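Heads up, the thing below is written out as structure tokens.
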2 protein chains.
Amino acid sequence: MPTLYQDASKLLRAQGGRMTNQRRLILQILDSVSGHPTAEELCDLVNECDPSLNLSTVYRTLRWLESEGLVSTRRFLEDNRQERFDPALPSEHHHFMCSECKQVIEFDHPYVDEIRNQFEENSGSQVQNASLTFYGLCEECAEKKKET
Amino acid sequence: MPTLYQDASKLLRAQGGRMTNQRRLILQILDSVSGHPTAEELCDLVNECDPSLNLSTVYRTLRWLESEGLVSTRRFLEDNRQERFDPALPSEHHHFMCSECKQVIEFDHPYVDEIRNQFEENSGSQVQNASLTFYGLCEECAEKKKET
DNA sequence: TTCCGTGCAAAATGTTTGCAAGTCG
DNA sequence: CGACTTGCAAACATTTTGCACGGAA
């Protein structure tokens, strides 16, 4: 599986763009990160290596990746002020967020495609993208609640 | 089924709040509206009756309703700058949004609960809320695309 | 050397808040 | 009357943009 860095390099070459140090760093961090960082969180990580790298550069890079379909964006309910960036394609997995500790668990389930197919048949529309999100209490936080 | 207006009146009485003209109007419009308006869209509707009613009052009323669990909020991908308000409880239905004409179709499907139950068993977590959203082309927009 | 990309500061957007004035009960 | 609400303007948080300078090809 090609990394984001490899995909992006190829694309840049193809469209006459340039692989700058800033882009390289952002891409490497995106490849190494797990989860769904906000632009600011990403910028903080990036700044540990290059403190002068600016938040607008992070945004510009993320938006470019988004427009090329290399990252997807989402917002979780509890947390919806900031956009989160997912270095994976949409529809590849779905999410559970714990309302208490905010941890995100990714999952997948064949029934999602099932629902999608039936919805397409019933409505005549074409579904390109599906996003299922659960909210609730994760195992640990549910335990803690019981104790009190 | 009680209207939002009725539910809200009862709550206001219970907690010593006041049913002002502004709240009455906002609630009535919420009861009559279909779809998932933004605060600003709602304010425009409200202003047709009372042009002096301010956007902050709309926000304050919506946030209060949200905190009482009488409306839920969501953001659609294509459109994610503004929050949308749903005068119905979460998990009561799911959504399809057409990327072309932005219309929203609501639907429901028993498999969502199925997925949820299985996820709860596998992960040990408690799911309180589920939100499934499809994006794609509605029947009409898909037809139009074919023609060209 | 030539554009493309960057940092910076300012603008834009959406939402929240402080406060004086108004109103419901 | 007195607490709760409102309108307004200002504050806030997040994201985008214009521009002069710097760096990859």
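Just so it is clear, the model here is predicted, and its values are computed rather than measured. Note on naming: letters A, B, ... go to the chains in the order of the sequence lines (proteins, then strands), and numbering restarts at 1 for each one.
For the residue pair A/His36/A/Glu83, the side-chain donor-acceptor check at 3.5 Å is not satisfied. Judged by distance alone, the side chains of A/His109 and B/Gln118 do bring a donor and an acceptor atom under 3.5 Å apart.
In this structure, CZ of B/Phe85 is placed 10 Å from C1' of C/dG14, rounded to the nearest angstrom. Straight-line distance from the CG atom of A/Leu12 to the P atom of D/dA25: 9 Å, rounded to whole Å. For the pair A/Glu40 CD and D/dT14 C1', the interatomic distance rounds to 8 Å; values are reported in whole Å. B/Asp50 places its CG atom 10 Å from the P atom of D/dC8, with the value rounded to the nearest Å. Rounded to a whole Å, the CD atom of B/Glu41 is 11 Å from the P atom of C/dT15. Nucleotide C/dG14 holds its C1' atom 12 Å from the CG atom of B/Asp79, rounded to whole Å. One atom, CZ of A/Arg24, and another, C1' of D/dG23, lie 12 Å apart when rounded to the nearest Å. Atom CD of A/Gln15 is separated from atom C1' of C/dG5 by 13 Å (rounded to the nearest Å).
For the OP1/OP2 pair of D/dG7 and a distance below 4.0 Å, the side-chain nitrogens and oxygens of B/Gln22 include at least one atom meeting the criterion. Contact annotation: B/Asn54 does not reach the phosphate of D/dT6 (side-chain N/O to OP1 or OP2, under 4.0 Å).
For the pair B/Phe119/A/Phe96, a side-chain contact is recorded, criterion being any heavy-atom separation below 4.5 Å from C-beta on. Residues A/Thr133 and B/Leu132 are not in side-chain contact: their nearest non-hydrogen atoms beyond the backbone lie 4.5 Å or more apart.
You'll find that the side chain of A/Leu55 is closest to D/dT15, out of D/dT15, D/dT14, C/dG5. Residue A/Arg63 has its side chain nearest to D/dT16 when only C/dC24, D/dT16, C/dG7 are considered. For A/Met19, counting side-chain heavy atoms from C-beta on, the closest listed nucleotide (C/dG14, D/dA25, D/dG7) is D/dA25. The nucleotide whose nearest atom lies closest to any side-chain atom of B/Thr20 is, among D/dT15, C/dC24, D/dA25, C/dC24. Listed nucleotides C/dG18, D/dG2, C/dG14 differ in distance to B/Arg60; the shortest reach to its side chain belongs to C/dG18.
Remark: the B/Arg13 side chain and the C/dG25 base include no donor-acceptor N/O pair separated by less than 3.5 Å.
Mapping B/Glu83 and B/Asn21 onto DNA chain C by nearest heavy atom places B/Glu83 at the nucleotide closer to the 5' end. Positionally, the nearest nucleotide of DNA chain C for B/Arg75 lies more toward the 5' end than for the other of B/Gly17 and B/Arg75. With the nearest nucleotide of DNA chain D identified for both A/Tyr59 and B/Arg18, B/Arg18 has the one nearer the 5' end.
In summary, the aromatic rings of B/Phe76 and B/His95 are positioned with their centroids under 6.0 Å apart.
Electrostatic pairing of A/Lys144 and A/Glu147 does not count as a salt bridge here, judged by no charged N lying under 4.0 Å from a carboxylate O.
Residue A/Ser56 is in base contact, counting any heavy-atom pair closer than 4.0 Å across all strands shown. As judged by a 4.0 angstrom heavy-atom cut-off over every strand, A/Arg23 is placed among residues touching the sugar-phosphate backbone only.
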